[in-house]
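Every chain is numbered from 1, with letters handed out A, B, ... down the list of sequences.
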There are 2 protein chains.
Amino acid sequence: MAVTLKAVAGRAEVSVATANQVLNGFVDRFAESTCERVQVAARDLEYVPNMAARSLQKQRSYLIGVLFSDANASLFSEFTHGVMQGIGSTDYSPIVFSHDSLRTEAKCLERCLHRKVDGLIVGAGIDEAGQTNTDFYSKVMASGLPLVEVFGRFVPEAVSGNVDLKQAGKMVVDHLRAAGHQSIAHLTHDRYDVARHSGIGPHYDAWEMFRGYEQTMLSSGLTPVLITHPLRLTGGFSQSCYESGYASLRSIMAHPAKPSAVFCYNDDQAYGLIQACHDEGIAVPDRLAIVGYGDEKLARIIRPRLTTLRRPSRETGRRASELLLRMIEKETVESVTLEPELMVRESA
Amino acid sequence: MAVTLKAVAGRAEVSVATANQVLNGFVDRFAESTCERVQVAARDLEYVPNMAARSLQKQRSYLIGVLFSDANASLFSEFTHGVMQGIGSTDYSPIVFSHDSLRTEAKCLERCLHRKVDGLIVGAGIDEAGQTNTDFYSKVMASGLPLVEVFGRFVPEAVSGNVDLKQAGKMVVDHLRAAGHQSIAHLTHDRYDVARHSGIGPHYDAWEMFRGYEQTMLSSGLTPVLITHPLRLTGGFSQSCYESGYASLRSIMAHPAKPSAVFCYNDDQAYGLIQACHDEGIAVPDRLAIVGYGDEKLARIIRPRLTTLRRPSRETGRRASELLLRMIEKETVESVTLEPELMVRESA
DNA sequence: ATGAAAGCGCTAACAA
DNA sequence: TTGTTAGCGCTTTCAT
């Protein structure tokens, strides 16, 4: 049915070996006329190499596994688009899985391993108890499989393509200070410091963001005001964040530091907080300025429009897959850091 | 490196042929003790078949291509999750691509074909001019490649796993009538009737939804009120819908039929409309009841909470992949229809 | 009831 | 400069 190398070789009147070499770029080993004939034949027949055969021989699947946590569902599409860009016109294809629990995450990973993916891009999850699949991933890495982590750092040894959340904290504080705010609170959730209490290391996103905020506040001579709120985590991460944001207004208003601005862990918390302000008749941004993180589509829709840090999702996908491809080629690579962008709108 | 069938056969002291047969379920051809030995050996060695080799021999890639339009970005994660469920524990893996233009869509399709996927799940796009990749897909189908279409019907011959949008129209009208509304408008976009003017056939989602609305109105003795608004389509589909919803309030209020309720094409339009009402001081739902379609996370967040039809995204993915697998097995299958669910909240 | 052998399409080492 | 050859790991037909 399909056009094989043999067919191309036949048409060009050379051996399959020759055809193969020519088509794989070893043109300088052959007479120009030979190369010409082979290339023409391949084009005429619309030859496409059979990946299964190539895989078998090369001991590579030309597949990269992408594991994505539902917690980031809203940027899944952007992210996979970026992955595609990074893969470009190489022979690789992404096999993509989205997971909503540690169990399904482990299952997805298992599938990728069975498929013998050449590398893995991992957006890991964390459950209500602060548990992760870190050990599983560590084992995978130990086996030598290239792995790039995105949207968090739960696998300490992994190369990562993450947003610079310390910088995020700094950008927001600087922006709010410039607008005259002195009492700037940081709203996050009750697991923000899981990085300290678990083996995850100092790179849990909430912790990193908090540290960026804290350091900037201190070095600006301001007092950090940390407000945390528990996540219910039934009904999904996003919904829980919204609710925690809503519920936190009370703590914010009751706080002795009388915050005039709040930097939220993510957009969902910010939406919740804005809604609470609305319900309580608290003017945003006049009485309380609010900044989020993420810049989902809703940020431009909600009123007042949300001032927030744009999370470069597509770029994350692109950079992560570029890194991974280089790792697969046995290059040594460093983690990359992506910069957020402050989108100043109405809420701050 | 990896455990091969040969290794299993060696350990069980049988030939590879025997080991293979046993592990593929042809147990009744062999002595019970033989089967036992093979199975034990496979388990002990944690044997996993090499897909590349199997593919090569079976002339199947065990890959299914998933093409997804950015226009539905918000449900991508849910959808792929469903695809995974449908694939279950079969040997198939999804290679997933998200596209944001006809060009990238075609490129993704091309990649899938090069990879020789065994089947395709397609969420097709449509551009500003109403163009689609229908011809491309038709050609693919003509070649015999199993294809299931979701989230729209741009490929007339394709098996589809779509939501019953006629039913959606009916459900909403019935609900609003029961609440006493007589003048119920349908807000959609200016391409709603592309189905009539192009070769796409009568299944463009906006058209189907309109027809369900129209038929129910007529059979209830009410006069359909159609309000369309152009989409800018720069800045993405979602954003454009929001803007069109916002801008349409003017037309709605100026309409001689004086609508007391509006059924919107999607949640984005509904958000826009709600926001416009808010800005103009029009009470929702008292003065104007609003119903959307989609039930994205925002629907529960916006105030008033949006009454909307839930679009079963995960189920769509699950059913679509189930259908596709059956098609790959040469079964004859029918398109399936999924039912939306009315989520009654505050806006209507 | 089991095994030997050919071959899927491609690659790479070696021969000519 | 080009061709011959031996697999990669699995499936399947045909002997035994």
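- Listed by first then second residue, pairs satisfying salt bridge (charged side-chain N to carboxylate O under 4.0 Å, His left out) with a partner in residues 42-66 of chain B read B:Arg11-B:Asp44, B:Arg54-B:Asp91, B:Arg60-B:Glu329, not counting sequence neighbours.
- Atom pair A:Leu5:CG and C:dA12:P shows a separation of 12 Å (rounding to whole Å applied).
- Applying the salt bridge (charged side-chain N to carboxylate O under 4.0 Å, His left out) rule to B:Asp118 yields no partners; only residues at least two apart in sequence or on another chain are considered.
- Distance B:Arg60 CZ to D:dT12 C1': 15 Å, rounded to the nearest Å.
- Side chains of A:Tyr47 and A:Gln39: a donor-acceptor N/O pair is absent below 3.5 angstrom, by distance only.
- For the pair A:Asp28 CG and D:dT1 C1', the interatomic distance rounds to 12 Å; values are reported in whole Å.
- One N or O on the side chain of A:Asn24 and one on the backbone of A:Asn20 form a donor-acceptor pair closer than 3.5 Å.
- Between the C1' atom of D:dC8 and the OH atom of A:Tyr62 lies a distance of 13 Å, rounded to the nearest Å.
- With B:Ser77 contributing its side chain and A:Ala73 its backbone, the two residues share no donor-acceptor pair below 3.5 Å.
- Identified under the ring-ring contact (aromatic ring centres under 6.0 Å, His included) test for residues 94-121 of chain A, with sequence neighbours left out: none.
- By the 4.0 Å N-to-carboxylate-O rule, A:Asp100 lies close enough to B:Arg314 to be salt-bridged with it.
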Please table the atom pairs, donor to acceptor, closer than 3.5 Å between any side-chain atom in residues 330-338 of chain A and protein atoms at least two apart or in another chain.
| from | atom 1 | to | atom 2 | distance (Å) |
| --- | --- | --- | --- | --- |
| A:Glu331 | OE1 | A:Arg326 | NE | 3.0 |
| A:Ser335 | OG | A:Ser160 | N | 2.9 |

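- A heavy atom closer than 4.0 Å to some atom of DNA chain C occurs in no member of residues 35-43 of chain A.
- The shortest heavy-atom contact between A:His81 and B:Ser98 is ND1-O, 3.0 Å.
- Remark: B:Glu149 engages no residue in a salt bridge (charged side-chain N to carboxylate O under 4.0 Å, His left out) (not counting sequence neighbours).
- End-to-end axis angle for the helix from C:dA1-D:dT16 to C:dA16-D:dT1, using five pairs per end and rounding to 10°, comes out at 50°.
- Remark: B:Arg111 engages no residue in a salt bridge (charged side-chain N to carboxylate O under 4.0 Å, His left out) (not counting sequence neighbours).
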Distances for protein N/O vs nucleotides 3-5 of chain C N/O pairs under 3.5 angstrom?
| from | atom 1 | to | atom 2 | distance (Å) |
| --- | --- | --- | --- | --- |
| C:dG3 | OP2 | B:Ser15 | N | 2.9 |
| C:dG3 | OP2 | B:Ser15 | OG | 3.3 |
| C:dG3 | OP2 | B:Thr18 | OG1 | 2.9 |

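- Taking 4.5 Å as the limit, some side-chain heavy atom of A:Arg115 sits within range of a side-chain heavy atom of A:Ile95.
- Here D:dC10 presents its C1' atom at 9 Å from CG of B:Asn24, a figure rounded to the nearest Å.
- The list of ring-ring contact (aromatic ring centres under 6.0 Å, His included) pairs with a residue in residues 51-80 of chain A, not counting sequence neighbours, reads A:Tyr62-A:Tyr92, A:Phe68-A:Phe76, A:Phe68-A:Phe79, A:Phe68-A:Phe151, A:Phe76-B:Phe76, A:Phe79-A:Phe151.
- In this structure, of C:dT2, D:dC10, D:dT2, it is D:dT2 that holds the atom nearest to the side chain of A:Thr34.
- The stretch residues 3-25 of chain B participates, sequence neighbours left out, in no ring-ring contact (aromatic ring centres under 6.0 Å, His included) pair at all.
- Among the atoms of the strands shown, none is found under 4.0 Å from any heavy atom of B:Ser55.
- B:Phe26 comes within contact range of no nucleotide atom at all, as no heavy-atom separation falls under 4.0 Å.
- A:Arg54 has a side-chain polar atom (N or O) that falls below the 4.0 Å cut-off from OP1 or OP2 of C:dT11.
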Protein-nucleotides 6-8 of chain C N/O pairs closer than 3.5 Å?
| from | atom 1 | to | atom 2 | distance (Å) |
| --- | --- | --- | --- | --- |
| C:dG7 | N2 | B:Gln57 | OE1 | 2.5 |
| C:dC8 | O2 | B:Gln57 | OE1 | 3.3 |

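- Straight-line distance from the CG atom of B:Asn20 to the C1' atom of C:dA1: 16 Å, rounded to whole Å.
- Within 4.0 Å (heavy atoms only), A:Arg29 reaches at least one base atom of the nucleic acid.
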